[in-house]
Amino acid sequence: MTGFDEAVARIAREVRPLAAERVDLAEAAGRTLAEPLHARAAAPRRAVAAMDGYAVVDAGTRPGAPQRVIGESRAGAGFAGHVAPGEAVRIFTGAPMPDGADRCIMQEYAAREGDSVIFAEGYGPGWHVRKAGSDFAAGALLLDAGTELTPRAMIVAAAADTAQVAVIRQPRIAIIGTGDELAPPGRALEREDAIPESVTFGVMAMAQAQGAIVASRATGVDDLPALEALADRALDQADVVIVTGGASVGERDFAKPMFAPHGLDLLFAKVAIKPGKPVWLGRARGRWVLGLPGNPTSAMVTARLFLVPLLAQLQARGVERALRWRTLPLAAPLPATGSRETFARARWDEAGLTPLGNQDSGAQAALAVADCLIRCPPDQAALEPGAPVSALAF
């Protein structure tokens, strides 16, 4: 059985990013840059005012001495003339500094009468001018390849003055839920032995939050030929096929056998963790296939631990960004763990981490309040409140 760290290391070694494509900047949010992004021009391209006020020649300006106002400079409509000593140009924040002017005096220090302005004492020491290129120079590297275009990075990308960017293609996923007992939500009460199929909805939402596009979502009964046909269609549609349920070794566990005719080659078959030991990952017809347990909590925990890093690798973000462990304090006792590495569900607040009382792998209601996973090594002793633990956002 594969250990957790080794399973993640195999994902890091074997999974390669998808191809790049060019998209309009307006469609690039959340995507990963495939190429470095350089500035087409300096910012600002010329010196600009950092305050509303008057642009002057500092050497020719004195408090109390009137100066002739010869024009106005606005952002997008600068003053075209030249400023000489004893002259001033009304200027607004972000407007280009006129030729000859080297200082902006804030309007709070200005008394304007007609075409004359007088400045009061105390308008220094700030010059309130943003120099040309003070943000970045033309040709400067603004964002490197592999950068996720977060809202903040989108500002920088737009500032580079480029209409399109090269980004990694979004992974397309297909999700297949398996099990005779599953019924669509809203239909389970029609059969006495049915339960609402919930797992694929959670997995789908998690994948979409990581930038994936859902190509299809389907459920199948425990019939091998029918499941083989579902696998065939899913492999045609997606870069990653996720199958839930049927991951054990029972007579009606077909998650792996349904991909066997399509050349399934396993990267790992089981992982020594709790919950989620049956999780597996392989390739079939050049597509990644991830098998998740059918129990809701096990499925969501293993999706967080393996699907999220897999999607990160496909988008050139790396498993390290997907698995950012933090050391946080416990706010309540954490029971001892067994022989397998355990990922306990917990709730975080300002007091620390509170492990959930219901750690059952089939629990569903508890998932609504679990926002962290606590990583517990094998045979860890019980821990008291205040003890530091390794935690991951869930």
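All residue numbers in this chain count up from 1 along the given sequence.
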Can you tell me if [X] uses its side chain to pair, donor with acceptor, with the backbone of [Y] under 3.5 Å?
| X | Y | answer |
| --- | --- | --- |
| T162 | R40 | no |
| S361 | S298 | no |
| R16 | R13 | yes |
| E87 | V83 | no |
| E341 | A272 | no |
| D24 | A26 | no |
| R233 | L235 | no |
| T244 | L292 | no |
| D180 | V221 | no |
| D102 | D58 | yes |

Least distance between heavy atoms, [X] atom then [Y] atom:
| X | Y | value |
| --- | --- | --- |
| S73 | V89 | N-CG1, 3.7 Å |
| L25 | M154 | O-CE, 3.2 Å |
| I91 | A55 | CG2-N, 3.8 Å |
| A207 | I173 | CB-CD1, 3.3 Å |
| D52 | T93 | OD1-N, 2.7 Å |
| L230 | G220 | CD1-CA, 3.8 Å |

Is [X] atom [atom1] crowded by more than 12 heavy atoms from other residues, nucleotides or ligands, each under 6.0 Å away?
| X | atom1 | value |
| --- | --- | --- |
| E190 | CD | yes |
| R187 | CZ | no |
| R45 | CZ | no |
| R191 | CZ | yes |

Please say yes or no: joined through hydrophobic side-chain contacts below 4.5 Å, possibly via intermediate residues, are [X] and [Y] part of one cluster?
| X | Y | value |
| --- | --- | --- |
| M258 | V199 | no |
| L311 | V271 | yes |
| L367 | I242 | yes |
| F119 | M51 | yes |
| I105 | I118 | no |

I want to check something: taking the side chain as every heavy atom from C-beta on, are [X] and [Y] in contact at a cut-off of under 4.5 Å?
| X | Y | result |
| --- | --- | --- |
| T297 | Q364 | no |
| V308 | L323 | no |
| L224 | P257 | yes |
| F343 | T302 | no |
| T342 | Q359 | no |
| L373 | R345 | yes |
| K256 | L266 | yes |
| E21 | R31 | yes |

Lys NZ or Arg CZ of R90 over Y54 ring: under 6.0 Å, within 45°: yes

Centre of F201's six-membered ring, under 6.0 Å away, within 45 degrees of the axis: is that where NZ or CZ of R217 sits? yes

Could you go through the side-chain hydrogen bond (donor to acceptor under 3.5 Å, both in side chains) check for Q237 and S216 one step at a time? CA-CA 8 Å; Q237 296 171 323; S216 66; 2.7 Å; yes

Working for side-chain contact (heavy atoms from CB on, under 4.5 Å), residues L227 and V243: CA-CA 10 Å; L227 291 174; V243 58; over 6 Å; no

Does D236 come within less than 4.0 Å of R285, counting only side-chain N to carboxylate O? yes

Exactly one of Q170, R169, R172 should register a side chain to side chain donor-acceptor pair (under 3.5 Å) with D239. Which one does? R169

Spacing of [X] atom [atom1] and [Y] atom [atom2] [to the nearest 0.5 Å]:
| X | Y | atom1 | atom2 | result |
| --- | --- | --- | --- | --- |
| L314 | I168 | CG | CD1 | 10.0 Å |
| R375 | R326 | CZ | CZ | 16.0 Å |
| T219 | I176 | OG1 | CD1 | 10.0 Å |
| L392 | R324 | CG | CZ | 11.0 Å |
| E148 | L143 | CD | CG | 12.0 Å |
| R103 | Y123 | CZ | OH | 5.5 Å |

Which is it for E14 and W288 under the side-chain contact (heavy atoms from CB on, under 4.5 Å) test, yes or no, and what are the steps along the way? CA-CA 11 Å; E14 300 296 333; W288 289 104; 4.1 Å; yes

Once you measure the plane-to-plane angle for F4 and F306, does it fall in the parallel (<30°), tilted (30-60°) or perpendicular (>60°) bin? perpendicular

S339 vs D379, test: side-chain contact (heavy atoms from CB on, under 4.5 Å). Steps then yes/no. CA-CA 5 Å; S339 59; D379 301 313; 4.2 Å; yes

Show your reasoning for whether side-chain contact (heavy atoms from CB on, under 4.5 Å) applies to W280 and L264. CA-CA 11 Å; W280 56 272; L264 179 63; 3.9 Å; yes

